[in-house]
Amino acid sequence: MIDINLFRQNPDVIRTALKNRQMDPAVVDRVLALDADRRDLLGRVETLKAERNNVSREIGKSKDAAERQTKIEAMRKVGDEISALDEQVRQVDETLEAELAVIPNIPQEIVPIGKDEHENPVVRVMEGKYKNLDFPAQPHWDLGVKLGILNFEQGVKLSGTRFYVLSGAGARLQRALIAWMLDLHARQGYREQYLPFMVKQEVLFGAGQLPKFRDNLYHDVEEDYWNVPTAEVPLTGLHMGDILEEAALPLRYMAYTPCFRREKMSAGRDVRGIKRGHQFDKVEMYTYCRPEDSMNELNKMLADAEAVCQGLDLTYRVVALCTGDLGFGASITYDLEVWAPGCDEWLEVSSVSNVTDFQSRRANIKYRPADGGKARLLHTLNGSGLALPRTMIAVLENYQQPDGSVVVPPVLRPWMGGIDVIRPE
RNA sequence: GGAGGGAUGGCCGAGCGGCCUAAGGCGCCUGUCUUGAAAACAGGUGUAGGGCAACCUACCGUGGGUUCGAAUCCCACUCCCUCCGCCA
């Protein structure tokens, strides 16, 4: 959510931000009009409430029955006016909140201006040991099926399209990746969390998923349970409504969770393989920090995500998202893309963002400055470290050998129970 | 799922429909005193919104209702505790 004070004081900043995001800036004028309405109504209703409070107090003290009756009659009328105005305030508030709730964060000045993902500049390319294979690379959907570690038919049998089963060494390889990533991030200073995979509606609002991305979420129709689309959601909710001590910051968390997405927006895209499913696993990093520290934390988090690619010796590149491709809550985002020689494409395995105070305002998360001053909104950041299916694709396709076997990356071997090479089962 | 008890400021804990503008205590901050500290004493200590300000409004688990007026009365819900049943 954007600070209403920014609309009042500098609406052009928001108009420009919306234009750069390829969105209509007309919403700014609607917000300003609603805000003016709201303040006008509040002024009137609060004056009436003050009057009623005073007179009601007099009624309590008065001994004169006739005078009491006169005042009670008068206040009954005032009460009706208050009810009517309160209802108007409620409606204006509701409309205003609805408008504000779907306005995205302001991109930072250093974010490149661009229309869509085709205009995202590549910041750097980091070549790992595995880049070019000197034989024709198989895509993972062939390689994995032949190895007997990946089964699409069973996924469809159980749950339908966009589901699959990992079997034997495949399942174990994913578990090894998860365990290794968690241990790596623990060494980098993040505290591991085990979280609910279903959360309440208000948590999704706080994280910026609702109301805008309702169509992408799975939820229980009988209870207020929503499956998390990313660990970012419960990691935001952890401190919803809290006032943290400045000394506790930065607070760095990480968590492994499954993620559930309906993928209504991408129907028909990436239907082959395990790149995009309704359920996938992810290790996520999340930081709460002081506003003045958030850009440093962004750089740290990006480096910490890159360390995963480096540990696996994968070739990857860092891409800066342009204004037209920036996510809803992000003020700046870097994507990590690893090279997958089998499907012959760069795969987005991580997205690292500084969300500034966009989520903390929605979720009411503050910190108390060490000097004891007023509580201030803090900044939050999130970054994948990494998304599992695409990391699995990259490992399988990069570590494949001409005979169709797959070498297990050395860093993962402690969890593989002696399997150094995955061969057909 | 059934029966009962509870939810009040940072914490503990009072609170007959109207001096609740929430008692009292603890904690914290400031001041006096002191070489310094402790103690004692005095004052101050929530969040949000509106107003240039004085000030005003809202908030006693949540949401409704009754009333001129609700922490207080009524209804629904949520969460916590105790017991019973069921259960990985």
Side-chain angles (χ1 to χ4, degrees), chain A residues 1-9 31-101 194-206 210 219-226 234 237-249 251 258 357-378:
Chain A
M1 200 110 81
I2 305 293
D3 189 355
I4 187 69
N5 287 306
L6 187 61
F7 284 85
R8 293 170 187 166
Q9 288 155 15
V31 166
L32 286 172
L34 286 164
D35 182 49
D37 270 5
R38 177 174 174 277
R39 284 197 278 179
D40 174 57
L41 288 167
L42 270 185
R44 288 197 275 154
V45 74
E46 287 184 1
T47 304
L48 289 177
K49 282 182 179 174
E51 184 193 348
R52 183 176 69 180
N53 287 345
N54 282 325
V55 175
S56 289
R57 211 166 290 139
E58 287 168 19
I59 291 170
K61 287 178 195 161
S62 172
K63 299 278 192 291
D64 184 335
E67 184 195 327
R68 286 170 59 114
Q69 203 48 45
T70 309
K71 286 181 172 171
I72 286 175
E73 298 291 340
M75 286 311 102
R76 196 172 289 156
K77 282 204 193 83
V78 170
D80 290 343
E81 286 182 60
I82 289 173
S83 301
L85 284 171
D86 268 343
E87 174 58 20
Q88 287 186 55
V89 170
R90 196 195 61 73
Q91 283 179 16
V92 170
D93 262 339
E94 194 179 73
T95 312
L96 180 58
E97 287 297 310
E99 295 276 18
L100 287 175
Y194 171 78
L195 303 160
F197 304 152
M198 297 188 287
V199 297
K200 301 182 210 174
Q201 189 168 323
E202 60 182 295
V203 178
L204 284 150
F205 179 86
L210 283 176
H219 68 110
D220 188 301
V221 293
E222 292 181 342
E223 317 239 15
D224 185 23
Y225 288 139
W226 298 66
L238 280 180
H239 290 296
M240 203 164 55
D242 287 353
I243 298 176
L244 305 172
E245 292 302 324
E246 181 173 358
L249 303 177
L251 202 50
D357 59 10
F358 190 81
Q359 286 173 328
S360 65
R361 183 171 293 105
R362 293 173 86 102
N364 189 24
I365 309 169
K366 299 183 172 182
Y367 76 99
R368 175 90 53 202
D371 64 15
K374 269 179 79 80
R376 301 167 63 199
L377 292 171
L378 42 70

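Naming convention: chains lettered A, B, ... in sequence-line order (proteins, then strands); numbering from 1 in each chain. Note that these values count all heavy atoms, side chains included, but never hydrogens, waters or copies made by symmetry.
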Roughly how many Å apart are B:A22 and B:G18, using the P atom of each and rounding to a whole number? 15 Å
For B:G36, the Watson-Crick or wobble partner whose two distances fall under 3.5 Å: none
Within 45° of the ring axis of A:Phe205 and under 6.0 Å from its six-membered ring centre, is that where the NZ or CZ of A:Arg362 lies? yes
The test is side-chain contact (heavy atoms from CB on, under 4.5 Å); show your working for A:Arg57 and A:Asn54 and say whether it passes. CA-CA 5 Å; A:Arg57 211 166 290 139; A:Asn54 282 325; 3.6 Å; yes
Any side-chain N or O of A:Arg68 under 4.0 Å from OP1/OP2 of B:G18? no
Walking RNA chain B from its 5' end, the first of A:Gly60 and A:Ile243 to be reached, judged by nearest nucleotide, is A:Gly60
Step-by-step side-chain contact (heavy atoms from CB on, under 4.5 Å) determination, A:Lys374 to A:Arg368: CA-CA 7 Å; A:Lys374 269 179 79 80; A:Arg368 175 90 53 202; 5.6 Å; no
Tell me what A:Arg44 touches on the nucleic acid: a base, only sugar-phosphate, or nothing, going by heavy atoms under 4.0 Å. nothing
Using side-chain heavy atoms (C-beta onward) and a distance below 4.5 Å, is A:Met198 in contact with A:Asp220? no
Would you confirm whether A:Asp357, through its side chain, and A:Ser360, through its main-chain N or O, come within 3.5 Å as a donor-acceptor pair? no
Shortest non-hydrogen separation from A:Arg361 to A:Ile2 and the atoms involved: NH1-C, 3.8 Å
Gap between atoms CE and P, on A:Met75 and B:G17 respectively (whole Å): 24 Å
Electrostatic pair A:Glu87:A:Arg90 at N-O distance under 4.0 angstrom: yes
For A:Lys200 and B:C79, give me the distance from atom NZ to atom P, rounded to whole Å. 7 Å
Heavy atoms under 4.0 Å is the rule here; annotate nucleotides 48-61 of chain B 5' to 3' with B where the base is hit, S where only the sugar-phosphate is, and - elsewhere. SBSS----BBS---
Which base, if any, makes a Watson-Crick or G-U wobble pair with B:C20, both distances under 3.5 Å? none
At under 4.0 Å between heavy atoms, which parts of nucleotides 62-67 of chain B does protein reach? Answer with one letter per nucleotide, 5' to 3': B base, S sugar-phosphate only, - none. ------
Residue closer to the 5' end of RNA chain B, A:Glu73 versus A:Glu58 (nearest nucleotide): A:Glu58
Please state the P separation for the pair B:A88 and B:U82 - nearest whole angstrom. 22 Å
Side chains of A:Glu73 and A:Thr70: closer than 4.5 Å at any heavy-atom pair? no
Whom does B:C79 pair with, Watson-Crick or G-U wobble, provided both distances fall under 3.5 Å? B:G6
Partner of B:C87 under the Watson-Crick or G-U wobble criteria, both distances under 3.5 Å, comes out as none
Do the non-hydrogen side-chain atoms of A:Trp226 and A:Val203 ever get within less than 4.5 Å of each other? no
Value in whole Å for how far the C1' atom of B:U47 lies from CG of A:Asp242: 14 Å
Would a 4.5 Å heavy-atom cut-off, applied to side chains only, mark A:Lys366 and A:Asp242 as touching? no
In whole angstrom, give me the gap between the C1' atoms of B:C75 and B:C19. 31 Å
Using the C1' atom as the point on both nucleotides, what is the distance between B:A14 and B:C26, in whole Å? 15 Å
From CD of A:Glu202 across to P of B:U78 the rounded distance in Å is 14 Å
Considering only the C1' atoms, how many Å lie between B:G61 and B:G9, rounded to the nearest integer? 14 Å
Can you tell me the pairing partner of B:G27 across any strand shown, Watson-Crick or G-U wobble, with both distances under 3.5 angstrom? B:U45
Taking C-beta and beyond as the side chain, do A:Arg39 and A:Arg8 meet within less than 4.5 Å on heavy atoms? yes
Any strand: nucleotide that pairs with B:A71 via Watson-Crick or wobble, under 3.5 Å: none
Considering only the C1' atoms, how many Å lie between B:C11 and B:C60, rounded to the nearest integer? 16 Å
Let me know the distance between OH of A:Tyr225 and C1' of B:U78, rounded to the nearest Å. 12 Å
Taking atom C1' in both B:U78 and B:G63, compute the distance separating them and give it to the nearest angstrom. 10 Å
Could you measure between the two P atoms, the one in B:A23 and the one in B:G15, and give it in whole Å? 14 Å
Go ahead and name the base partner of B:A14; Watson-Crick or wobble counts if both distances stay under 3.5 Å, otherwise write none. none
